S.K.: 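Have a look at the structure that comes next, please.
Heads up: numbering here begins at 1 and tracks the sequence. Just so it is clear, the model here is predicted, and its values are computed rather than measured.
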Amino acid sequence: MNMKPIVKARANENMVDFFPPTPRKDLPYGFMKLTCGLVLFMAGTVLGMAMRAQFNWYFTSHTELFFPEKIYSADCERETMILKYFVKPIHLMHKMTDDELFWRATLLPKVQEYPFKRVPKVAFMFLTRGPLPFSSLWDVFFKGHEGLFSVYVHALPDYQINVPKNSSFYQRQIPSEEVQWGSVTLLEAEKRLLANALLDFSNERFVLLSESCIPVFNFPTVYDYLINSAHSFVQSYDDESPRGRGRYNTKMHPTIELSQWRKGSEWFELNRELAIDIVADYKYYRIFQKLCRPSCYPDEHYIPTYLNMFHGALNANRTVTWVDWSRLGPHPATYGRESITESFIKSIRNSGEICKYNNEPTSICYLFARKFAPSALEPLLNLTSTVMDF
């Protein structure tokens, strides 16, 4: 380090003819050494302060990068890294693929006790192509029962539901894909709804509904009926006709036998255990993707067959959604304004059927009903307090 001043001194000597030096006394060697040390010390101090200032600025401006308070944001890329947001995501929109979503949704904690106060909820999952004409009716149904339910909507990818901010449907759409009637894309949408609902650890029961569905009992009745049930509600029966066994593909053998093939209503209700199992299934799901083409109607066979094969004892083997198929055809009857009367709604609430609830006979077999046209909204709202007891 002492070489630099010496070199400079010699360089100055070479320039004597051009810049004659001012006569001066030679400085003591020790003083020169001390001076050089001080200069180097000051230079290092200044450099260190400059570097510290630069690092302080960088880390301050990138605090979220190095010390993230959130892992997801409102644009679905970050979310607060706090337990309550892990067990109940505040933003439904995200950028996970279906495979990533299904993996995340089927994570199971080994610890049996929850580290938070868990109040079981019912997840109401709406599969729709567009508007929800009965959203205001459902809002009356949900009112006053916040914390006991969750709402999820699978609509067309580019469709935005237009509801007031105080609606239970506000910002409740999930990432979606195109769905075609009678195709395996319906199954994909159902699993997508289940998986997104499973991200909320408090959701215990899962109901699949359409935009044409309505509740026929008040919320406390529906909640108690589902939460306290020992069984899930999936219609599953052996139909020997061409519309049942006739849809079975022999290439499914031996993984799925004809004797195991079942048919049932698409509109199911599942407990959390079965919902996780169905979302986690790839083996049988891929068989339906490959071999159950449109004339097979996979939405009427996949879950009924799967539950029959593995979880028959956990299924009540009936649906809780009333539908009128008496007019035959590929679609059930649709009811509009002129059909909505007190006696009609009462006939659904008390259909005259006797079904089993927790292995005991009951006359309350249906909690929901479909299909209803948008024109039925006003007369239905008029019956909420007198008939449906909302």
S.K.: Ring-plane angle category for Trp261 and Phe288, please: parallel below 30°, perpendicular beyond 60°, tilted otherwise.
M.R.: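 Answer is parallel, since the angle falls under 30°.
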S.K.: Taking it one step at a time, do Tyr306 and Asp277 satisfy side chain to side chain donor-acceptor pair (under 3.5 Å)?
M.R.: CA-CA 10 Å; Tyr306 186 82; Asp277 207 45; 2.9 Å; yes
S.K.: Counting distance only, does the side-chain N/O of Ser375 pair as donor-acceptor with the main-chain N or O of Arg337 below 3.5 Å?
M.R.: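 Yes, because the side chain of Ser375 sits within donor-acceptor range (under 3.5 Å) of the backbone of Arg337.
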S.K.: Using a 3.5 Å distance criterion without hydrogens, assess whether the side chain of Arg243 forms a donor-acceptor pair with backbone atoms of Glu240.
M.R.: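 No; judged by distance alone, with no hydrogens or angles, the pair does not exist.
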S.K.: Glu353 side chain to Ser363 main-chain N or O, any donor-acceptor pair under 3.5 Å?
M.R.: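 No, Glu353 side chain to Ser363 backbone: no donor-acceptor pair under 3.5 Å.
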S.K.: Between Asn317 (side chain only) and Ser236 (backbone N and O only), is there a donor and an acceptor less than 3.5 Å apart?
M.R.: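 Between the backbone of Ser236 and the side chain of Asn317 there is a qualifying donor-acceptor contact (under 3.5 Å).
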S.K.: Heavy-atom count check: over 12 atoms from other residues, nucleotides or ligands less than 6.0 Å from Asn162 CG?
M.R.: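 Open.
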S.K.: Would a 4.5 Å heavy-atom cut-off, applied to side chains only, mark Leu101 and Trp103 as touching?
M.R.: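 With C-beta onward as the side chain, the pair stays apart.
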S.K.: Determine whether a donor-acceptor pair (N or O, by modelled atom type, separation under 3.5 Å) exists between the side chain of Arg205 and the backbone of Leu226.
M.R.: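 Yes; judged by distance alone, with no hydrogens or angles, the pair exists.
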S.K.: Enter the distance from Ile348:CD1 to Asp324:CG here, rounded to the nearest 0.5 Å.
M.R.: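 One finds 9.0 Å between CD1 of Ile348 and CG of Asp324.
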S.K.: Thr319 side chain to Trp267 main-chain N or O, any donor-acceptor pair under 3.5 Å?
M.R.: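 Pair found, side chain donor or acceptor close to backbone of Trp267.
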S.K.: Is any side-chain heavy atom of Arg318 less than 4.5 Å from a side-chain heavy atom of Cys365?
M.R.: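 When only atoms from C-beta onward are counted, Cys365 and Arg318 do touch, with a gap below 4.5 Å.
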S.K.: Please tell me if the side chains of Asn203 and Phe206 come closer than 4.5 Å, counting only heavy atoms from C-beta onward.
M.R.: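 In contact.
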S.K.: For Ala197 versus Met125, what's the shortest heavy-atom pair and its separation?
M.R.: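 Closest approach of Ala197 to Met125, heavy atoms only: CB-SD, 4.2 Å.
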S.K.: Main chain of Asp224, side chain of Asn228: is a donor-acceptor contact present, judged purely on distance under 3.5 Å?
M.R.: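 Answer holds: yes.
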S.K.: Check step by step if side chain to side chain donor-acceptor pair (under 3.5 Å) holds for His154 and Asn196.
M.R.: CA-CA 10 Å; His154 188 293; Asn196 278 279; over 6 Å; no
S.K.: Does Trp322 reach the side chain of Val216, with side-chain heavy atoms less than 4.5 Å apart?
M.R.: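 No, too far: nothing below the 4.5 Å cut-off.
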S.K.: Kindly indicate whether the side chain of Glu188, heavy atoms from C-beta on, has any atom under 4.5 Å from the side chain of Tyr285.
M.R.: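 They are in contact (side-chain heavy atoms under 4.5 Å apart), so the answer is yes.
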S.K.: When you compare the side chains of Arg370 and Ser210, does any donor N or O come within less than 3.5 Å of an acceptor on the partner?
M.R.: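 The answer is yes; a qualifying pair exists.
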S.K.: Just by distance, do the side chain of Thr221 and the backbone of Phe217 share a donor-acceptor pair under 3.5 Å?
M.R.: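 It does not hold such a pair.
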S.K.: Return the CD to CD distance between Gln235 and Glu269, rounded to the nearest 0.5 Å.
M.R.: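 These two atoms lie 14.5 Å from each other.
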S.K.: What's the shortest heavy-atom distance between Gly264 and Pro304, and which atoms?
M.R.: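 Taking Gly264 first and Pro304 second, the nearest heavy atoms are N-CG, 3.8 Å.
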S.K.: Do the numbers put Arg129 on top of the ring of Tyr159, so that NZ or CZ is under 6.0 Å from the six-membered ring centre and no more than 45° off the axis?
M.R.: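 Judged by the rule, Arg129 and Tyr159 form no cation-pi pair.
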S.K.: For Trp181 and His331, take the angle between the two ring planes, folded into 0 to 90°, and tell me which bin it lands in: parallel under 30, tilted 30 to 60, perpendicular over 60.
M.R.: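 Trp181 and His331: tilted rings.
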S.K.: By disulfide bond (SG atoms under 2.5 Å apart), which residues pair with Cys213, not counting sequence neighbours?
M.R.: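 Partners of Cys213 under the disulfide bond (SG atoms under 2.5 Å apart) test: none.
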S.K.: Give a yes/no verdict on a cation-pi contact between Arg262 and Tyr237, requiring under 6.0 Å between NZ or CZ and the six-membered ring centre and an angle within 45° of the axis.
M.R.: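 The answer is no; the distance or angle limit is not met.
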S.K.: Identify whether the distance between the nearest side-chain nitrogen and carboxylate oxygen of Glu100 and Lys95 falls below 4.0 Å.
M.R.: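 Answer for the salt bridge query: no.
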S.K.: Contact between Ser168 and Phe149 at the side-chain level, heavy atoms closer than 4.5 Å - yes or no?
M.R.: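 In contact.
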S.K.: I want to check something: taking the side chain as every heavy atom from C-beta on, are Glu177 and Thr185 in contact at a cut-off of under 4.5 Å?
M.R.: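 A side-chain contact under 4.5 Å is absent here.
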S.K.: Could Arg104 and Phe86 be counted as a cation-pi pair, given that NZ or CZ must be under 6.0 Å from the ring centre and within 45° of the axis?
M.R.: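 Output yes; distance and angle both within limits.
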S.K.: Can the ring centres of Trp138 and Phe126 be said to be less than 6.0 Å apart?
M.R.: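 Judged by ring-centre distance (under 6.0 Å), Trp138 and Phe126 do meet the cut-off.
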S.K.: Tabulate below the donor-acceptor pairs under 3.5 Å that side-chain atoms of residues 382-389 make, not counting sequence neighbours, or state none.
M.R.:
residue : atom : partner : partner atom : Å
Asn382  : ND2  : Glu378  : O            : 3.3
Thr384  : OG1  : Leu381  : O            : 2.9
Asp389  : OD2  : Asn218  : ND2          : 3.2

S.K.: Taking the side chain as every heavy atom from C-beta outward, state whether Val207 and Val122 have any atom pair closer than 4.5 Å.
M.R.: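 The answer is yes; the side chains approach within 4.5 Å.
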S.K.: Is it the case that Arg272 places NZ or CZ above or below the six-membered ring of Phe201, under 6.0 angstrom from the centre and within 45 degrees of the axis?
M.R.: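 So Arg272 does make the cation-pi contact.
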S.K.: Let's go through Arg245 and Asp239 carefully: what are the C-alpha distance in whole Å and the side-chain angles of both, what is the deciding distance for salt bridge (charged side-chain N to carboxylate O under 4.0 Å, His left out) to 0.1 Å, and is it a yes or a no?
M.R.: CA-CA 6 Å; Arg245 289 197 177 195; Asp239 182 354; over 6 Å; no
S.K.: Under 4.5 Å between side-chain heavy atoms, hopping through other hydrophobics if needed: is there a path connecting Ile161 to Ile174?
M.R.: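 Different clusters.
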S.K.: Has Lys191 got its NZ or CZ under 6.0 Å from the middle of the six-membered ring of Tyr282, at an angle within 45 degrees of the ring axis?
M.R.: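 Geometry flag: set, cation within 6.0 Å and 45°.
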S.K.: Got a sec, which residues hit side-chain contact (heavy atoms from CB on, under 4.5 Å) with Thr362, two or more places apart in sequence or on another chain?
M.R.: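 Applying side-chain contact (heavy atoms from CB on, under 4.5 Å) to Thr362 gives Tyr225, Cys355, Tyr357, Ile364.
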S.K.: For Ala230 and Asn358, work out which heavy atoms get closest and say how close.
M.R.: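 Minimum heavy-atom contact is N-OD1, 2.7 Å.
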S.K.: Using the six-membered ring wherever Trp is involved, compare the ring planes of Phe124 and Phe141 and label them parallel, tilted or perpendicular (cut-offs 30° and 60°).
M.R.: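 Plane angle over 60°, so perpendicular.
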S.K.: Whether the side chain of Thr106 engages the backbone of Phe102 through a donor-acceptor N/O pair (distance < 3.5 Å, no angle test) should be reported.
M.R.: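 Yes, Thr106 side chain to Phe102 backbone: donor-acceptor pair under 3.5 Å.
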S.K.: More than 12 heavy atoms of other residues, nucleotides or ligands under 6.0 Å from CD of Glu146: is that the case?
M.R.: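 Counting other residues, nucleotides and ligands, CD of Glu146 exceeds 12 neighbours.
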S.K.: Are Tyr335 and Phe344, when compared by the centres of their aromatic rings, separated by less than 6.0 Å?
M.R.: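 Yes, they do, as the ring centres are separated by less than 6.0 Å.
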S.K.: Any side-chain donor-acceptor pair under 3.5 Å between Ser232 and Asn315?
M.R.: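 Per modelled atom types, Ser232 and Asn315 side chains form no pair under 3.5 Å.
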S.K.: For residues Tyr302 and Tyr284, establish whether the separation of their ring centroids is below 6.0 Å.
M.R.: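 No, too far apart.
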S.K.: Of all the heavy-atom pairs spanning Phe390 and Pro215, show the shortest one and how long it is.
M.R.: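 It is CZ-CG, 3.5 Å.
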S.K.: To check you understand the geometry: which heavy-atom pair defines the closest contact between Ala105 and Leu198, and what is its length?
M.R.: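 Looking at all heavy atoms of both residues, the closest pair is O-CB, 3.8 Å.
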S.K.: Using a 3.5 Å distance criterion without hydrogens, assess whether the side chain of Glu300 forms a donor-acceptor pair with backbone atoms of Tyr297.
M.R.: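 No, Glu300 side chain to Tyr297 backbone: no donor-acceptor pair under 3.5 Å.
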S.K.: Check His94 against Met96 and note the closest heavy-atom contact, atom names and distance.
M.R.: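 Shortest heavy-atom contact: ND1-N, 3.2 Å.
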S.K.: Among Lys121, Arg172, Lys88, find the residue that satisfies the side chain to side chain donor-acceptor pair (under 3.5 Å) test when tested with Ser150.
M.R.: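 Going through Lys121, Arg172, Lys88 one by one, the side chain to side chain donor-acceptor pair (under 3.5 Å) with Ser150 is satisfied by Lys121 alone.
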